[in-house]
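Since this is a predicted model, take the numbers as computed values, not measurements. Letters A, B, ... are given to chains in the order of the sequence lines, protein chains preceding strands, and every chain is numbered from 1. Side chains are part of it too, since the values below use all heavy atoms of this structure and drop only hydrogens, waters and symmetry mates.
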Amino acid sequence: MAEHLLEVVDLTVKFGGLTAVNKFNIAVKRGTIHALIGPNGAGKSTTFNCISRFYQPTTGRVLLDGVDVTRMPASAMAGLGVARTFQNLELFGELTVFENVMIGAHVHAGRSWVEVLSARPPGVVEHVEHLLERTSLTAYRNTVARNLDFGHQKLLELARALAIRPRLLLLDEPAAGLRNREIAALDALLTDLCRREGITILLVEHVMQLVMAISDRVTVLNFGTKISEGTPDDVRNDPSVIEAYLGQEMAHA
Amino acid sequence: MTLDVVFLFLQQGVASGLVIGSVYALLALAIVVIFKTSDVPNFSQGEMVMAAGYIALYLLVFRSMPLWIVMPATILAAYAGAALFRRLVLNQVARANGSPVNLVIATLGLSYVLRGFVRQTGFGDTPRSFPPVVEPQSIMIGQAAVTTLDLVILATAVVVMAAFFWMFKYTKIGRAMRAVGMNPKAAQLVGVDLTRIHMIVWGLSGGISAIAALLISPKVLMTADMGSIVTLGFAAAIVGGFTSLPGAVVGGFLIGIIENLVGLFISSRAIVLAPFVAIMLVLVIRPQGLFGGRVEIKKV
């Protein structure tokens, strides 16, 4: 078992002439919450898409528990215990809340004929109900996903990701668009998932209130390059970070 | 026209319409299942039917193989051919430039290749007819005259459709197809291999086309241009909403029945127009098709 569950080594992504990510390195320790922050266009989501295999990096490697997954298809990641959510939500809009989560759980439902035919393998339904309860979605169990409000849709995506029973959870702006009360609940849920169940979490986030409260480590990206890394306090006081966010003049003021 | 004649025509039109409509329904199903999972209208569907028909003809007539080998061999060949086309050609096109237009042009390319190939072999030079699966004997149902062959066509088509719907609804692979149809990104996220699903979808579509070819060939003259029958499959798919599988089936039967009723009540020369009038009526009155659900409003 490698000390770091996830390692990204010298990741470079070029879109034509634009270098979105440039020789970026990040190592996420097992059982921790690691935040990836940075101004808009810094390359956070691009990095995320490389890790979850939706983009192919120009150069560089992605290691999961010491195993190189850089050539794996996106669909293989669920089986390896990597789940993610999207910034702009990718739900099965016509299905109910329950069905959306069931689909995630199917990855572990096996492929035997009996299970294919019985369609709802025992144990899985209970697990799904449990996840709905944890994400406070039980009341919306039979609601069609597209009819949920934005906050609940985000929770549903999280519940579906958890149904995969992930080792590594990649969250792309989980708090964006949520109200303060919802952010507090999310804060508690993520901390609980990490501390009690040992799920390693890497999140991209702009809501500093959440990032600073729950992260063990923070990495700051600007123009595709890492400019700072450390504990939330280290990063908060790093002049180069303040400069990246507020501009040069403010930093020196 | 007396009332007796009206009843007679009605019965005959519905009976014949259900028979030919079942074949249109199969074709519409083959078109819709591809469109639903990849947003690509497959313009080579007709040529897939035609090519499958000629494979069967070649094996049966020129290689004198028995029918019980020819039928599964034809279906398998169509399955494999279509799946390979998806894997080897369309996947490459999608990777190079993912816009659906390029994929549609590629399917158009396949239709020319298949037609050219059949012309090249020379089998398509003279219109041929295909020996029927069963000797057609006339049967009366009510006042409608049908043949045993008609009944076999209708029964086979219904069984194939039922099997397809069962697969789509209850098996893991069918569920994966539905997931891809709803949201390909999310489907990958929960572990669905897109390449594999697309291959299977194309294979199934090819297989269904082959079954349609085997059913329809004894009733029509085979030429290299017989693929144009798929226009009626497209008509059925449009009437049904183009993304709805039950819609495709209902559309198929409707088009079949409308064609026959128009032929009996108006004129046999009006038959070719009937499906297009039906499409236009549906598009004007209910643009999303009979089973197309609500009209989607896109945020721009």
### Task
Would you give the length of the straight line joining atom OG1 of T85(A) to atom CG of L189(B), rounded to the nearest 0.5 angstrom?
8.5 Å
### Query
Below 4.5 Å, heavy atoms only, C-beta onward: do F54(A) and Q188(B) meet side chain to side chain?
yes
### Results of side chain to side chain donor-acceptor pair (under 3.5 Å) for T70(A) - residues two or more places apart only
D68(A)
### Task
State the CE-CD1 distance between M182(B) and I103(A), to the nearest 0.5 angstrom.
6.0 Å
### E129(A) atom CD: more than 12 heavy-atom contacts under 6.0 Å
yes
### Summary
Nearest heavy-atom contact between S75(A) and D193(B) is OG-CA, 3.4 Å
### Task
Kindly give the heavy-atom pair with the smallest separation between A186(B) and R160(A), and that separation in Å.
CB-NH1, 3.5 Å
### Task
Give, as side chain, backbone, both or neither, the part of A74(A) having an atom under 4.5 angstrom from any heavy atom of chain B.
both
### Task
Kindly compute the distance separating NZ (K185(B)) from CG (L91(A)), expressed to the nearest 0.5 Å.
12.5 Å
### Message
Would you say that more than 12 heavy atoms from the other residues, nucleotides or ligands in this model lie under 6.0 Å from the OH of Y140(A), or not?
### Response
no
### Query
Hey, what do you get for CD (Q56(A)) to CZ (R95(B)), rounding to the nearest 0.5 Å?
10.0 Å
